[in-house]
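Quick caveat, the model's predicted, so the values are computed rather than measured.
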Amino acid sequence: MVINKLPAEKGAIAGEKGAIAGEKGAIAGIRELQKGAAPPSTPSMGKTIQVITDRTTRPDDLIAPGEVLDLKFRDGAKTLTLRASKLLHLLVDAAGPDACDDKAHSIPIERLNSFHVSREEFVETCRELFGTTVRMEIDTKRGRAEKIGPLLSDVERDLDDGDGSEVRFQLSPVLRLVLARSNHWAALSRRAVMAFESRYSLRLYEVVAIRAGLSSKSTETFTLDDLRSRMGVPPGKLVRWQDIKRYVLDRAVAEVNQLSGFHVAYEPVKRGRSVTAVRLTWAIHGAKGRTEVARELEASRVGRKARRDGTAEAVVEEEDDDASVILSFPKTGTIRYGRWEPVARDHLPQPTPDLDHVAARFRTWAEGKLIPLASPNIEQTFIGFCRGWKKE
């Protein structure tokens, strides 16, 4: 296992830091947290819980073990809903340095208000975590063994939602063991996690976050089956590439780019005429990008989808009594189906590369050159970029 150290970033928006490890083994059973590398024979504390214990207080950080972030969901197994994934992060965070201890933890109900769910919905989400079975291989005195268990072992909630009411909970033995032995981690942004509206967006964010610390790596290729299992696509659903692209990747990439500190793009990989894999590319936003993300997270959700899709791409500036419209390249989201698609296709080499990947690279390039996306010459700048396109 290769472990690198990603330097901490002040005021991180999406948690682009942490001790990041490489690829985990394939899932086996229902939902496997670790396979392949043998855990230590003694229950010594891993680096993840040390980070949770020693970290400087950052209200927006959610420290998560890589084994949880890099989950793969077995075909036929029920996947975690968006609500359950968010709750799991909040409960592990609430347990804090004591997360590995066999004890009850508590969290004020007011800290769960970001859920905006009823008592019945909260109870149902807890039931989902109880019903989520995970497994990992461990060393015992008798040799290798397999440990299986749920994510939670006990939850108690005050029926009175008044001041001081709380939720008391206990993490399961298998999850505590994972936390105790984990040596790779990432810090997620609480605001980003709670802002995602698609479970595929959160899963993509988690997949990228645990890889972003690899200084020698900013891209990875996943087969479609591997991608489906990592994103938690339900069995028998979205079986065509067009459906995966439209309902999983396009929305997830757009949301991650809009709400996190990462900029993500993807490119289909074909064998013959069929798409067999997807190449993900990621980078950490620069200062300008982080500022835009922070502004978006502070803004109302109303209009967020329009801003994400690029349908609100005109910037209006007042000049005396007249309003002049300045053409702006979309800050986030796809450039397909809009006025920028034909511009790109007319000036890119053949075969035409993935347009969203081109847009992502153009935004990064423009930011590095300090070129505003609302520059009066942005269209000519984009045309020049497309004409000079070189395949990676």
Requested in this report: Can you label the angle between the F382 ring and the F329 ring as parallel, tilted or perpendicular, going by 30° and 60°?
Outcome: tilted
Rounded distance [0.5 Å steps], [atom1] in [X] versus [atom2] in [Y]:
X    : Y    : atom1 : atom2 : value
L355 : I335 : CG    : CD1   : 5.0 Å
L171 : L177 : CG    : CG    : 12.5 Å
L175 : Q170 : CG    : CD    : 11.5 Å

Check ion pair [X]-[Y] (N to O, under 4.0 angstrom):
X    : Y    : result
R190 : D93  : yes
E206 : R203 : yes
E292 : R295 : no

Do the side chains of [Y] and [X] get nearer than 4.5 Å, heavy atoms only?
X    : Y    : value
V68  : L88  : yes
E166 : D158 : yes
V248 : L238 : yes
F362 : L373 : yes
L259 : M194 : no
R251 : E197 : yes
S165 : R157 : no
R176 : D102 : yes

Requested in this report: Mind running side-chain contact (heavy atoms from CB on, under 4.5 Å) on K86 and L202 for me, showing each step along the way?
Outcome: CA-CA 9 Å; K86 291 181 177 181; L202 179 53; 4.2 Å; yes
Any side-chain to backbone donor/acceptor pair from [X] onto [Y]? Under 3.5 Å, distance only.
X    : Y    : answer
S172 : P150 : yes
T48  : H184 : yes
R290 : H285 : yes

Query raised in the report: Please walk me through it: do E255 and S198 pass side-chain hydrogen bond (donor to acceptor under 3.5 Å, both in side chains)?
Result: CA-CA 8 Å; E255 265 206 286; S198 165; 4.6 Å; no
[X] and [Y]: which non-hydrogen atoms are nearest, and at how many Å?
X    : Y    : result
S201 : A252 : OG-CA, 3.4 Å
H357 : A265 : ND1-CB, 3.5 Å
H89  : L69  : CE1-CD2, 3.9 Å
S328 : W340 : O-NE1, 3.7 Å
A195 : L297 : CB-CD2, 3.9 Å
E128 : T81  : OE2-N, 2.7 Å

Requested in this report: Would you check, one step at a time, whether the test side-chain contact (heavy atoms from CB on, under 4.5 Å) holds for D154 with F169?
Outcome: CA-CA 5 Å; D154 185 73; F169 64 95; over 6 Å; no
Requested in this report: Give the C-alpha distance, both sets of side-chain angles, the deciding distance and a yes or no for side-chain contact (heavy atoms from CB on, under 4.5 Å) between L249 and Y200.
Outcome: CA-CA 8 Å; L249 285 173; Y200 299 131; over 6 Å; no
Report task. May I ask you to check whether over 12 heavy atoms, not counting those of R246, lie within 6.0 Å of atom CZ? Result ->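 Not buried by this count: 12 neighbours or fewer within 6.0 Å.
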Query - Y247 atom OH: more than 12 heavy-atom contacts under 6.0 Å - result: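 For Y247, atom OH is not crowded (no more than 12 foreign heavy atoms under 6.0 Å).
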Query raised in the report: Do the side-chain N and O atoms of R271 and T276 include a donor-acceptor pair separated by under 3.5 angstrom?
Result: no
Query raised in the report: Linking I/L/V/M/F/W/Y whenever any side-chain heavy atoms sit under 4.5 Å apart, do W365 and V343 land together?
Result: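 Yes.
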